[in-house]
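Lettering of chains follows the sequences in order, A, B, ..., and the numbering in each one begins at 1.
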Protein chains: 4
Amino acid sequence: MEKETVRIENFSDAVFAIAITLLVLDLRAPEINMVKNGAELLVFLKSEWTTYLAFTLSFFSIFIMWVNHHKIFKQIYSRNTAIMFSNGLILFLVTAVSYPTALLARFFNSEASSIAVAIYTGIFVLINISYNLLWFIASHNKKLLRPGITDSAIKKITNNYLYGFPTYLIAFGISFQFPAVALTICMLLLIYWALSSGKINMNKNED
Amino acid sequence: MEKETVRIENFSDAVFAIAITLLVLDLRAPEINMVKNGAELLVFLKSEWTTYLAFTLSFFSIFIMWVNHHKIFKQIYSRNTAIMFSNGLILFLVTAVSYPTALLARFFNSEASSIAVAIYTGIFVLINISYNLLWFIASHNKKLLRPGITDSAIKKITNNYLYGFPTYLIAFGISFQFPAVALTICMLLLIYWALSSGKINMNKNED
Amino acid sequence: MEKETVRIENFSDAVFAIAITLLVLDLRAPEINMVKNGAELLVFLKSEWTTYLAFTLSFFSIFIMWVNHHKIFKQIYSRNTAIMFSNGLILFLVTAVSYPTALLARFFNSEASSIAVAIYTGIFVLINISYNLLWFIASHNKKLLRPGITDSAIKKITNNYLYGFPTYLIAFGISFQFPAVALTICMLLLIYWALSSGKINMNKNED
Amino acid sequence: MEKETVRIENFSDAVFAIAITLLVLDLRAPEINMVKNGAELLVFLKSEWTTYLAFTLSFFSIFIMWVNHHKIFKQIYSRNTAIMFSNGLILFLVTAVSYPTALLARFFNSEASSIAVAIYTGIFVLINISYNLLWFIASHNKKLLRPGITDSAIKKITNNYLYGFPTYLIAFGISFQFPAVALTICMLLLIYWALSSGKINMNKNED
């Protein structure tokens, strides 16, 4: 059976690659007249630490999402309208990540910190839902999946994404009161996924 | 017979992917000194609803165009100058979509609303013409098409695009008087294409 | 003999696709406070005609360059340092096109018109030289070329690019005195290449 | 044995292509009211020479990095978490290059020159470390490498990257005192790699 989803995957990969690279446009050099000498340039650059934090966090978040997207589509062989548009929703949200990133960069170190972090964690809640939706659609119609996929492999992927949802939801809830804690949870989840993604990669049966 | 259009399709896919992702550059975070606290940030973000509307509408419009582009090129096996340049025209217009999108985002909720919507619906009229042109060229020269394609399959695709033209033209005409109605028609057409694209996908004979 | 240049071609295609799509970033919507109503929006948009002209001209120029790039690399099977870096030079110049395009957009209708057009035609002179350089390197080392390529095919491609160089040089020279004429020459050359590229495409022997 | 790294390579290629093309966004045309005539436009363009220098240097630096990335991944056949994330680190830093490039463009010809050049050379130190890290991980686990790769081929690649690290470190150290010298070292290293990359390309045994 031929895999029908190759062009969707290539298009998705391109969107991920562009979205991840466009993040850099939010790192802006100061205007020439704002900085008189090297010391002032260093002061300016240090004051921009929230921008670097937001850029780094979003870069590796999208990177992990891309790895996970790859992993899900390795199991999807056919497509239908629901697959197409739940994938379209993922791409829409991944593309949009640069906006909350810019808000986080500018307002994390301000009075508006809690709202900026809530929006930032909020988009990851939505992205998590969209991944669960894609996998829910795919895993509930075995005709769409790789021939010969085992139920335990399906369950393993299902579990991998289910953990993310409540965690991001907790981060979202916390962000209104303790924005720094909420952001730390996002980073820890990122590290967890980086490590767990590795383990699945190594196990050839599910990969 | 070898398919000659692979590199054109890959190039077109890349242009679609970039055009769809660049739309996000119009979502701009407020400057740090425009917003004092979380409440003001929320007020600012709410006032930007036309930007989100324009971004969402254009994202899924380009997404549907990409799906349709894919569908047409699955039937085209050879290329000639006319195919190359009618496809170039499609890419030109798809790339340009971000400009009317920015106009819509800024002026939908202003005195200039009708002109902004007219330009926005106008570019979709032009894109629709360019798709019809591409398919007209391809379907009137059977040497360009997939060997063994049936006349009913050709006709089905022809019809699928013909409906769009008068509808967008009506939306364009209405937009001068009732811009909100015109935009609603664009959204409904999007949903119609999303669903109908699915049906053709499911039917393996034409796909 | 395996074609060694696939990854170079894919990378080049991506750069062409991004460069052609980024051109749109120079079409900028007016700020909300610059325009009070639909009539003023139309006046603003009309005043931007040089931007549309520059965008359109550069879009189709890069499109034709991409077609020609494809055509040359269909004949190149091996790579060496000279191929890699003459191709890198082409990509560098193609990427840079958006800068003279922005100059043309802003200054074609100003006192600085002749300089803007001279720079614009000047970059096409350079791009033409870089294409001739790539083809010179490839065609003077038959080991780099497609096995079985005929001398007449080589000569045909050589001639196709040679015409461009003096024409762009003339346009460059004229632009200081008659910028509008110089730009018209660029457009005519574009149309000539669009048509002649078609003819080579149709002829299966060289393609 | 099947190569498992194809999708990683394609994704990386896309990120390289986008990062290299986005550099052009830092070439900005003057506002229309800043320039009255052709002579003033020329004066403005000449004053922008640091921007052209930074753009050119970064473009060819990323281009060489892409060539080297290609070369390393030709030898890597399997992937694990460490490969994935050391490659992610490379992509992160390559994407970020546009920021030090913008700093260099604006401040090379100012009092802040030494800091701007130190940051610029600094990112190349980091990129060099990330390449060495990727190759260290790959070359210390023969299961990850191309079957049949010889120890001398591994050593040759190892050496090729080792030279870069101390050189960039020296450039970084010098930049605080003699920024122009530091930048010249970067350029010479670029030329060295362009030429040496060629030699490895020519030698079919390692390629």
Side-chain angles (χ1 to χ4, degrees), chain A residues 2 4 6-23 25-26 47 50-51 54 78-85 87-89 91-119 143 175-176 179, chain B residues 6 9-10 12-45 48 51-52 55-56 58-60 62-64 66-67 69-71 73-74 190-191 193-204 207:
Chain A
E2 197 200 352
E4 287 179 1
V6 173
R7 208 185 178 204
I8 301 177
E9 288 173 59
N10 289 345
F11 184 75
S12 304
D13 275 12
V15 170
F16 274 99
I18 302 156
I20 211 171
T21 316
L22 285 183
L23 291 171
L25 297 183
D26 235 39
S47 74
T50 54
T51 307
S78 296
R79 60 188 154 76
N80 60 18
T81 311
I83 294 284
M84 285 298 279
F85 286 91
N87 187 50
L89 184 64
L91 298 183
F92 175 72
L93 292 167
V94 166
T95 298
V97 161
S98 84
Y99 187 51
T101 304
L103 293 176
L104 185 70
R106 292 202 194 164
F107 297 105
F108 181 56
N109 197 20
S110 83
E111 297 279 311
S113 175
S114 59
I115 297 297
V117 174
I119 293 167
K143 279 182 210 150
S175 61
F176 292 95
Chain B
V6 174
E9 288 173 59
N10 289 344
S12 303
D13 275 13
V15 171
F16 274 99
I18 302 156
I20 210 172
T21 315
L22 285 182
L23 291 171
V24 78
L25 297 182
D26 235 38
L27 299 182
R28 295 203 200 138
E31 294 301 320
I32 187 84
N33 51 6
M34 287 169 63
V35 161
K36 286 204 197 63
N37 51 46
E40 283 189 29
L41 182 56
L42 281 178
V43 169
F44 174 90
L45 295 176
E48 290 278 285
T51 307
Y52 312 141
F55 171 60
T56 308
S58 292
F59 187 95
F60 287 103
I62 295 183
F63 189 74
I64 294 276
W66 170 71
V67 172
H69 190 266
H70 187 188
K71 211 163 289 172
F73 265 98
K74 277 196 112 166
L190 210 60
I191 292 168
W193 265 330
L195 298 178
S196 77
S197 96
K199 272 182 227 145
I200 298 191
N201 270 344
M202 301 300 276
N203 185 338
K204 288 291 179 302
D207 191 32

Donor-acceptor pairs under 3.5 angstrom involving side-chain atoms of residues 22-44 of chain B: please list them, not counting sequence neighbours.
unit_1: N37(B); atom_1: OD1; unit_2: A39(B); atom_2: N; d: 3.2
unit_1: N37(B); atom_1: OD1; unit_2: E40(B); atom_2: N; d: 2.9
unit_1: E40(B); atom_1: OE1; unit_2: K36(B); atom_2: N; d: 3.1

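Taking every heavy atom of both residues into account, A96(A) and F55(B) meet most closely at CB-CE2, 4.1 Å. Across W66(B) and R7(A), no two heavy atoms sit closer than the pair CZ2-O, 3.8 Å. Of all the heavy atoms in A194(B) and T81(A), the pair that sits closest is O-CG2, 3.5 Å.
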| Test log, rule side chain to side chain contact (heavy atoms under 4.5 Å, CB included), inputs T21(B) and V94(A) | CA-CA 9 Å; T21(B) 315; V94(A) 166; over 6 Å; no

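Of the two parts of I83(A), neither the backbone nor the side chain holds a non-hydrogen atom closer than 4.5 Å to a non-hydrogen atom of chain B.
The side chain to side chain donor-acceptor pair (under 3.5 Å) check on T101(A) picks up S58(A), with sequence neighbours excluded.
For F85(A) and F60(B), the ring centers sit 6.0 Å or farther from each other.
Using cut-offs of 30° and 60° on the angle between ring planes, the pair F92(A) and F59(B) is perpendicular.
Contact annotation: the side chain of L45(B) approaches that of L103(A) to within less than 4.5 Å [non-hydrogen atoms, C-beta and beyond].
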